[in-house]
Amino acid sequence: MKVCCIGAGYVGGPTCAVMALKCPDISITLVDKSSERIAQWNSDKLPIYEPGLDDVVKQCRNVNLFFSTDIDTAIREADLIFISVNTPTKTCGNGKGRAADLKYVESAARMIAEIAQSNKIVVEKSTVPVRAAESIMHILRANQKPGIHYDILSNPEFLAEGTAINDLLNADRVLIGGEETTEGHKAVEKLSWIYEHWIPKKNILTTNTWSSELSKLAANAFLAQRISSINSLSAVCEATGADVSEVARAVGLDSRIGSKFLQASVGFGGSCFQKDILNLIYICENLNLPEVAAYWQQVIDMNEYQKRRFSQKIIESLFNTVSDKRIAILGFAFKKNTGDTRETAAITVCQTLLEEGAKLDIYDPKVEPEQIIDDLTHPTVTESPENVKKAVQIHSDPYSAVRSTHAIVLCTEWDEFVDLDYRRIYQSMMKPAYIFDGRKILDHERLQQIGFHVQTIGKKYQRAGLLRSWGIVPQL
Ligand code: NAD
Ligand code: UDX
């Protein structure tokens, strides 16, 4: 069997790499319109950082895994084609700011229709609105050459960045949606056969196409909703003396609720949650279900509130002005173990601080400096990119980033931040020295003992910090 995957990004790359590793009898060609991306996949420095990915790619590349810009040949030779292109939120036109932009999916479908000379199973791997398969089918069938048959399947991807290889190797479930016809069932069986190389058959779930498409949006909406729920309670904790970690533990021990995805934070980021919920909201509005749309909108609103609330807390704590103060930002990626910055909460935090006149010293172990500058000078973030460039310095070492700063703001939960020498850091900073832990990963008691003023999410430390600055050692 020959497989082609259109779109060599965060999903296409790891998915095909693991598939190639587990299916030595299948030849997989990953194609992309970006020749730069394909060149990186063929080099020693892959275009994305993902733990374990380098090893898998090294084992399979040019054996049964190929990266190419020759999209035509890959489509022509393939029996099964994954469409794994980006589906960002529309930035203009109908549904601007909410609907998923399907122009890349559509262009992939048109390429298939134009090039195919034999039967193809076309698999939606991208996250799409419910009933998108209908549009793909419409394009393919309207351009169908005589004697060629297409089957369209939905096979959404549930991997999370930073754990993609493990998620793919040990998927909780693989979901395949197909048409409820004999041919549809045969196509589902063929895709299922690929996954059965390493996923137990009982974990391969088959549904109708629309359920599969909607389940993907629903899963992301549920996950994000948990984070917004715990983040909403973090505000209550800060106002009452409750500790959100204790609340999350107590709530999560109820087996009906479960403990995962209850980590209060500066706000969720990443390319999926916001985009997919906005997409769901848009669908609901179009289906004339305004109450359902409003329900999910609140998950996004709460996330915006949390990002703003954290940024405001920093300014208020620093005597209500950060003008010309140097502030170190530790971590810029939207979560640890990835270099991806899409929708990262760090952008909102930096944007607010820059608008207030702060100078930022930013360190992230995996995000490229150019990416940080691109994000902070984007027209949606600033009207004066030159001023931003002057106010931002990117560091390749955390100790150099924090030197002579007034405050540290921790935006990403990288493990290495837990083990930094905070005594050394304290000595190199301006006094009073502040730490704002947006991820709740540091030992706050110890930081206070060193002399830091500590602020975090969902726990009030202000009193202890103030008392300490007056020379009184509080009971912690
Ligand atoms: P990405 O931007 O990293 O990669 C998409 C790639 O597709 C790009 O390299 C782009 O150049 C290429 N492309 C676009 N149109 C093309 C065309 N016509 N021909 C050839 N190449 C084309 O995106 P991603 O993060 O991999 O996401 C892909 C899809 O998977 C999206 O629908 C996303 O919602 C979904 N998804 C993403 C994740 C994630 O964690 N990133 C997880 C699950 C699902
Ligand atoms: C998510 C889904 O988890 C995955 O199944 C889907 O395929 C793609 O979208 P991803 O965005 O890569 O994956 O990472 P995820 O681990 O879900 O984290 C998303 C954001 O939520 C990150 O900013 C993370 O830091 C934040 N988060 C996560 C919290 O703030 N608290 C939590 O308890 C969990």
Side-chain angles (χ1 to χ4, degrees), residues 4-16 30-38 40-41 47-48 50 68-69 71-72 74-75 81-89 100-112 124-129 132 155-164 167-168 171-173 216-217 219-224 226-231 234 244 248 252 259-277 279 303 306-307 331 333-338 340-346 411-413 438-441 457:
C4 160
C5 176
I6 305 175
Y10 285 89
V11 166
T15 306
C16 289
L30 189 47
V31 293
D32 203 288
K33 62 181 182 182
S34 159
S35 50
E36 194 189 337
R37 227 174 201 191
I38 291 298
Q40 287 173 319
W41 280 112
I48 61 173
E50 191 58 59
S68 169
T69 46
I71 302 179
D72 291 13
I75 289 177
I81 302 169
F82 287 104
I83 298 180
S84 181
V85 299
N86 35 333
T87 49
T89 306
D101 193 341
L102 293 184
K103 67 180 172 195
Y104 303 110
V105 172
E106 183 176 334
S107 105
R110 286 189 187 280
M111 282 192 300
I112 297 170
E124 280 176 350
K125 178 60 85 182
S126 297
T127 305
V128 289
N155 173 221
E157 183 47 62
F158 294 101
L159 67 79
E161 289 178 28
T163 51
D167 293 346
L168 287 159
D172 288 341
R173 80 304 208 185
K216 174 64 199 174
L217 298 182
N220 275 351
F222 268 63
L223 289 168
R226 285 175 67 94
I227 304 169
S228 277
S229 295
I230 198 70
N231 281 345
S234 73
V244 77
S259 62
K260 292 181 183 163
F261 265 70
L262 286 181
Q263 174 72 28
S265 69
V266 55
F268 61 72
S271 64
C272 294
F273 283 170
Q274 177 165 306
K275 161 178 85 73
D276 294 346
I277 297 175
N279 185 357
N303 198 46
Q306 187 74 347
K307 290 189 275 184
F334 80 95
K335 64 186 280 197
K336 73 173 179 180
N337 293 335
T338 178
D340 194 352
T341 63
R342 290 178 289 181
E343 303 296 341
T344 176
C411 288
T412 314
E413 74 282 21
R439 293 295 186 159
K440 300 176 69 60
I441 57 166
I457 307 274

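In listed order, ligands and their atoms are each counted from 1.
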Name the option, out of [options], that contains the heavy atom nearest to [atom].
atom: atom 32 (O) of ligand 1; options: L159, T87, V128; answer: T87
atom: atom 7 (O) of ligand 1; options: G7, A74, A109, A160; answer: G7
atom: atom 10 (C) of ligand 1; options: L217, V31, D32; answer: D32

Note to self: Does any part of the side chain of N303, heavy atoms only, come nearer than 4.5 Å to the side chain of F273, both counted from C-beta?
What the structure shows: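 No, every pair of side-chain atoms sits at 4.5 Å or beyond.
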Which residue supplies the protein heavy atom nearest to [atom], what is that atom called, and how far is it?
atom: atom 16 (O) of ligand 2; value: K335 NZ, 2.7 Å
atom: atom 19 (C) of ligand 2; value: F273 CE1, 3.5 Å
atom: atom 5 (O) of ligand 2; value: F158 O, 2.8 Å
atom: atom 31 (N) of ligand 2; value: Q263 O, 2.8 Å
atom: atom 28 (C) of ligand 2; value: I227 CD1, 3.5 Å

Give the atom numbers and elements of ligand 2 that come within less than 4.0 Å of a heavy atom of K216.
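Near K216, meaning under 4.0 Å from one of its heavy atoms, ligand 2 has 6 (C), 7 (O).
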* Asked: Going by the order shown, which atoms of ligand 2 are within less than 4.0 Å of some heavy atom of E157?
  ->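 Those of ligand 2 that fall under 4.0 Å from E157 are 7 (O).
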Could you see which bit of [X] sits under 4.0 Å from ligand 1, with heavy atoms only: side chain, backbone, both or neither?
X: C272; value: side chain
X: R342; value: side chain
X: K33; value: both
X: S126; value: both

Q) Any N or O on E161 sitting closer than 3.5 Å to an N or O of ligand 1? A)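 Among all N and O atoms of E161, at least one is under 3.5 Å from an N or O of ligand 1.
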Would K216 count as a polar contact of ligand 1, with the cut-off being nitrogen or oxygen pairs under 3.5 Å?
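Not met; the criterion fails.
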**Asked** Looking at CD1 of I457 and CD1 of I230, how far apart are the two atoms once the value is rounded to the nearest 0.5 Å?
**Response**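 It is 12.0 Å, given to the nearest 0.5 Å.
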